[in-house]
Each structure stands twice: as structure tokens, then as C-alpha cells.
Amino acid sequence: MHKPYIEYITHDQVDTMANEMKQKECKLLCINGYMDTDGTLKVVYNFEISKDKVKTYICKVNNEIMSLKDYFGEYALKYEQEIMEFLFIKFIGVEEKSMFLSKDSNIRGQIFTVPILEE
């Protein structure tokens with residue numbers, strides 16, 4: 001098992017992080033969102049930085065955060081829409097879209113998503 005590479009960033013550093021990962025042609029593996037035990041919302045970004053190395057960025061969020069759709073397109077957008085629906089985190093520039101829950105649902109909590117494997 002490899003050593004995890006985790007970096008904690010602020011919401012002001014998300015653009016720099018996304019730009020750096022795009023410039024280095026790192027693959028966005030997934031975006032997760034969760035509510036910590038103290039009620040703090042966090043967004044987690046996982047990137048493949050080499051064949052056997054994944055780098056994870058964890059960002060504490062108040063209510064909104066920058067979207068990665070301008071850097072990683074539809075792939076980032078689907079994760080962000082799912083996180084918006086379950087955790088009520090607003091990704092700036094992303095349209096709110098109900099993918100799983102009815103409009104009157106008030107569910108909040110932890111979600112975990114993984115990408116579909118490419119054959």
C-alpha cells in the first residue's frame with residue numbers, strides 16, 4: 001500500500017490547486033463531500049499524479065466553493081451536483097439539479113462516490 005499524500009487547502013486555494021493539477025495533466029479521480037462530526041462541511045478532491053500515486057486535497061467549506069467544471073468538465077460537474085444535492089454546498093457556476101432526492105427532501109449527511117471504471 002502506498003503512502004497517502006494529503007494536503008489541506010482553503011477555499012481560496014481551490015483555483016490554484018485545480019490549475020496546477022490540470023497543467024500537470026493529473027487525472028481527477030473523484031470529488032467527495034462530507035459533514036464532519038462537528039458539523040463542518042468538507043470537500044475532498046482526489047487526483048492521480050502518477051501511475052501509483054494519488055494526491056488528496058481536503059477543503060473546509062462554509063456554504064459555497066469554486067467549481068472545477070472549467071478545468072475538468074462534465075466529470076467534475078456530476079460529482080459537484082451530487083454533493084450539492086446531499087450536502088447543500090453551492091459550487092459557484094453550477095446549476096442545482098435534483099439527481100436523487102425529491103425537492104422537499106431535507107437529508108444531510110455523508111456521501112461517498114467512486115467513478116465508473118474504464119475498460
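Residue numbers count from 1 along this sequence.
- A donor-acceptor pair shorter than 3.5 Å cannot be found between the side chains of N32 and Y79.
- Classified by interplanar angle (parallel below 30°, tilted 30° to 60°, perpendicular above 60°), the ring pair F47/Y57 is perpendicular.
- Counting heavy atoms from C-beta outward, K90 and M84 have side chains that approach closer than 4.5 Å.
- Side-chain contact between V44 and Y34 is present, with at least one heavy-atom pair separated by less than 4.5 Å.
- At a threshold of 4.5 Å between non-hydrogen side-chain atoms, the residues K42 and D36 count as touching.
- For the pair Q13 (side chain) and T10 (backbone), a donor-acceptor distance under 3.5 Å is present.
- E64 CD to H11 NE2: the interatomic distance, rounded to the nearest 0.5 Å, is 8.0 Å.
- Looking at heavy atoms from C-beta onward, I89 lies out of side-chain contact with N62 at the 4.5 angstrom threshold.
- Here K24 pairs with E20 in a salt bridge; the nearest charged N to carboxylate O distance falls below 4.0 Å.
- The main-chain N or O of T40 is found under 3.5 Å from a side-chain atom of D38 such that the two form a donor-acceptor pair.
- Taking the ring centre of F91 as origin, the terminal cationic atom of K69 falls outside the region bounded by 6.0 Å and 45° from the ring axis.
- Here the CG atom belonging to L28 is positioned 10.5 Å from the CE atom belonging to M21, to the nearest 0.5 angstrom.
- Using a 4.5 Å cut-off on side-chain heavy atoms (C-beta onward), I31 and E80 make contact.
- For the atom pair CG of N63 and CG of L87, the computed distance is 11.5 Å after rounding to the nearest 0.5 Å.
- Note that K22 lies in the cation-pi zone of F72, set by a 6.0 Å cut-off to the ring centre and a 45° limit from the axis.
- Put simply, the side chain of V43 reaches to within 4.5 Å of the side chain of Y45, judged on heavy atoms.
- Between V14 and C59 the shortest heavy-atom distance is CG2-SG, 4.0 Å.
- C30 places a side-chain heavy atom less than 4.5 Å from the side chain of N46.
- A 4.5 Å side-chain heavy-atom check between I92 and I65 finds every atom pair outside the cut-off.
- The minimum heavy-atom distance between S50 and E48, with the atom names listed, is O-CG, 3.1 Å.
- Looking at E7, its side chain never comes within 3.5 Å of a backbone N or O of I58 through a donor-acceptor pair.
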